[in-house]
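A short write-up of the structure that comes next.
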Amino acid sequence: MGGINHLKSYLYLSKIALKEKDNYYFHLITGQDYLLKSNLDFLNYFNSKDKNLNYLQYTPFPISGWPHGRYDRLEYYNLFDIFNAKTTIGIKFIYRFHEIQNKLNIRKSTDINMNLYGGSTYWSLSRDALEYVISYTNNNRSFFNRFKYTFCAEEIYFQTVLLNSKLASKIINHNLRYIHWEKGHKGSPAFLNSSNYEDLLSSKNLFARKIRSSEIKLLNLINNKRL
């Protein structure tokens, strides 16, 4: 959780998906995301538009919605690949090391000769865009390695690579996901339930994030609407 292995896994899965030549759009979702449209409506959505458009939520650094503008994600050595942040002792080690770096004024440079962007992990990218990210990664290993010990690098990497490319004009600043941010969830989106159904419909998004499999009432409402 929070380490570069998330980014590595997304890049690895992207390479596998690109091997299927008929795929022209690629969607990053999790097991708690749910499709809001019928399969036909979903396909028609992308077929009716420029197939080179990309749907990726982004904001240039510093990001007001992230604590400290989230330069600390890049400046500090975040040890999420070494310690398990889901355990009490693991998160204590991570935060303690963060405090030590702050006290000793230890910082990594954020000068990467590119404008920094960040945003939601989840995206819908065209083949051209995803191939570009993979190619850039393969040809610029030092850039990729710079993201080691970065907290949630996947929320910065795709945005920064693509917004600094010739594909920037083809990026729509919207990821087509309905996500309900609510205070008290410690930086995580709230789980959706049937009370969110009308908002889901009016949002015109393609995916809902995030829904528990036990939320049968909401899933049935969505399924019946998709018929």
Side-chain angles (χ1 to χ4, degrees), residues 1-15 26 28-30 54 56-123 125 129-130 132-165 167-168 171 173 175 177 179 181 185-189 209-210:
M1 176 182 132
I4 199 171
N5 284 331
H6 274 178
L7 176 57
K8 286 181 177 179
S9 65
Y10 298 156
L11 293 171
Y12 174 75
L13 292 171
S14 295
K15 290 178 183 178
F26 303 82
L28 181 59
I29 61 173
T30 75
N54 301 281
L56 175 74
Q57 187 263 323
Y58 64 87
T59 304
F61 271 62
I63 299 174
S64 60
W66 291 0
H68 313 294
R70 274 316 191 186
Y71 279 107
D72 57 334
R73 293 190 180 200
L74 289 159
E75 290 180 327
Y76 289 92
Y77 291 89
N78 295 281
L79 304 183
F80 288 87
D81 284 314
I82 298 175
F83 299 104
N84 185 353
K86 292 186 177 181
T87 65
T88 301
I89 191 170
I91 197 65
K92 282 184 177 180
F93 272 117
I94 291 169
Y95 285 145
R96 181 56 179 157
F97 190 60
H98 203 284
E99 290 171 357
I100 291 171
Q101 292 176 83
N102 192 44
K103 185 175 182 180
L104 298 178
N105 197 29
I106 297 172
R107 300 287 191 278
K108 293 187 294 179
S109 172
T110 57
D111 183 9
I112 60 173
N113 298 318
M114 296 174 75
N115 294 321
L116 285 168
Y117 295 85
S120 172
T121 302
Y122 308 100
W123 38 252
L125 298 179
L130 197 56
Y132 179 82
V133 173
I134 298 300
S135 176
Y136 189 88
T137 302
N138 291 339
N139 295 322
N140 297 272
R141 296 307 297 179
S142 61
F143 177 78
F144 174 81
N145 290 334
R146 172 59 184 79
F147 285 85
K148 289 181 178 179
Y149 307 115
T150 295
F151 174 64
C152 287
E154 69 277 6
E155 294 182 353
I156 303 171
Y157 191 82
F158 283 88
Q159 283 86 351
T160 297
V161 170
L162 288 172
L163 267 299
N164 283 278
S165 76
L167 296 169
I171 297 176
N173 193 1
N175 64 4
R177 275 77 172 159
I179 303 176
W181 296 98
H185 284 266
K186 297 182 179 180
S188 296
R209 170 160 178 79
K210 48 190 182 173

Checklist entry - Are any of the side-chain heavy atoms of Leu11 and Phe144 separated by less than 4.5 Å? => result yes
Item to check | Flag if over 12 foreign heavy atoms under 6.0 Å of CG, Leu104 | outcome: yes
Item to check | Rounded distance [0.5 Å steps], CZ in Arg73 versus OG1 in Thr150 | outcome: 9.5 Å
Checklist entry - Rounded to the nearest 0.5 Å, how far apart are CG of Asn5 and CG of Asp81? => result 4.5 Å
Next on the checklist: Are the side chains of His98 and Ile94 in contact, using a 4.5 Å heavy-atom criterion?
Outcome noted: no
Next on the checklist: Show the nearest heavy-atom pair for residues Leu56 and Phe158, with the distance to one decimal.
Outcome noted: CD2-O, 4.3 Å
Item to check | Spacing of Glu99 atom CD and Gln101 atom CD [to the nearest 0.5 Å] | outcome: 10.5 Å
Item to check | Asn175 backbone acceptor or donor facing Arg177 side chain under 3.5 Å | outcome: yes
Item to check | Nearest heavy-atom neighbours spanning Pro60 and Ile63 | outcome: O-CG1, 3.7 Å
Item to check | Gap separating the CD atom of Glu155 from the OG1 atom of Thr121, nearest 0.5 angstrom | outcome: 4.0 Å
Checklist outcome for this item: In this structure, CD1 of Ile91 is separated from CZ of Phe83 (nearest 0.5 Å) by 11.0 Å
Checklist entry - Between atom CG of Leu163 and atom CG of Leu116, what is the distance when rounded to the nearest 0.5 Å? => result 11.0 Å
Next on the checklist: For Lys108, I'd like to know if atom NZ has over 12 heavy atoms of other residues, nucleotides or ligands within 6.0 Å.
Outcome noted: yes
Next on the checklist: For Phe93, is the CZ atom crowded, meaning more than 12 foreign heavy atoms sit under 6.0 Å from it?
Outcome noted: no
Checklist entry - Can you find a heavy atom in the side chain of Arg146 that is under 4.5 Å from one in the side chain of Leu74? => result yes
Checklist entry - How are the rings of Tyr117 and Tyr58 set to each other: parallel, tilted or perpendicular (split at 30° and 60°)? => result perpendicular
Checklist entry - What are the two closest non-hydrogen atoms of Ala129 and Asn54, and how far apart are they? => result CB-OD1, 3.1 Å
Checklist entry - So, does Asn78 use its side chain to make a donor-acceptor pair with the main chain of Tyr149 at under 3.5 Å? => result yes
Checklist entry - Do side-chain atoms of Gln57 reach the backbone of Asn173 as a donor and acceptor pair under 3.5 angstrom? => result no
Next on the checklist: Are there over 12 heavy-atom neighbours, none belonging to Arg96, within less than 6.0 Å of that residue's CZ?
Outcome noted: no
Checklist entry - So which heavy atom on Thr30 is nearest to which on Arg209, and how close? => result OG1-NH1, 3.0 Å
Item to check | Gly3 to Glu154 - nearest heavy-atom pair and separation | outcome: O-OE1, 4.2 Å
Checklist entry - Is the ring centre of Phe151 less than 6.0 Å from the ring centre of Phe80? => result yes
Item to check | Donor-acceptor under 3.5 Å (Asn164 side chain, Thr160 main chain) | outcome: yes
Item to check | Non-neighbouring partners of Tyr157 that pass side-chain hydrogen bond (donor to acceptor under 3.5 Å, both in side chains), sequence neighbours left out | outcome: Thr137
Next on the checklist: Please tell me whether Phe143 and Tyr136 form a close aromatic pair, meaning their ring centres lie under 6.0 Å apart.
Outcome noted: yes
Item to check | Considering all heavy atoms, the nearest Ser14-Trp123 contact | outcome: OG-CH2, 4.0 Å
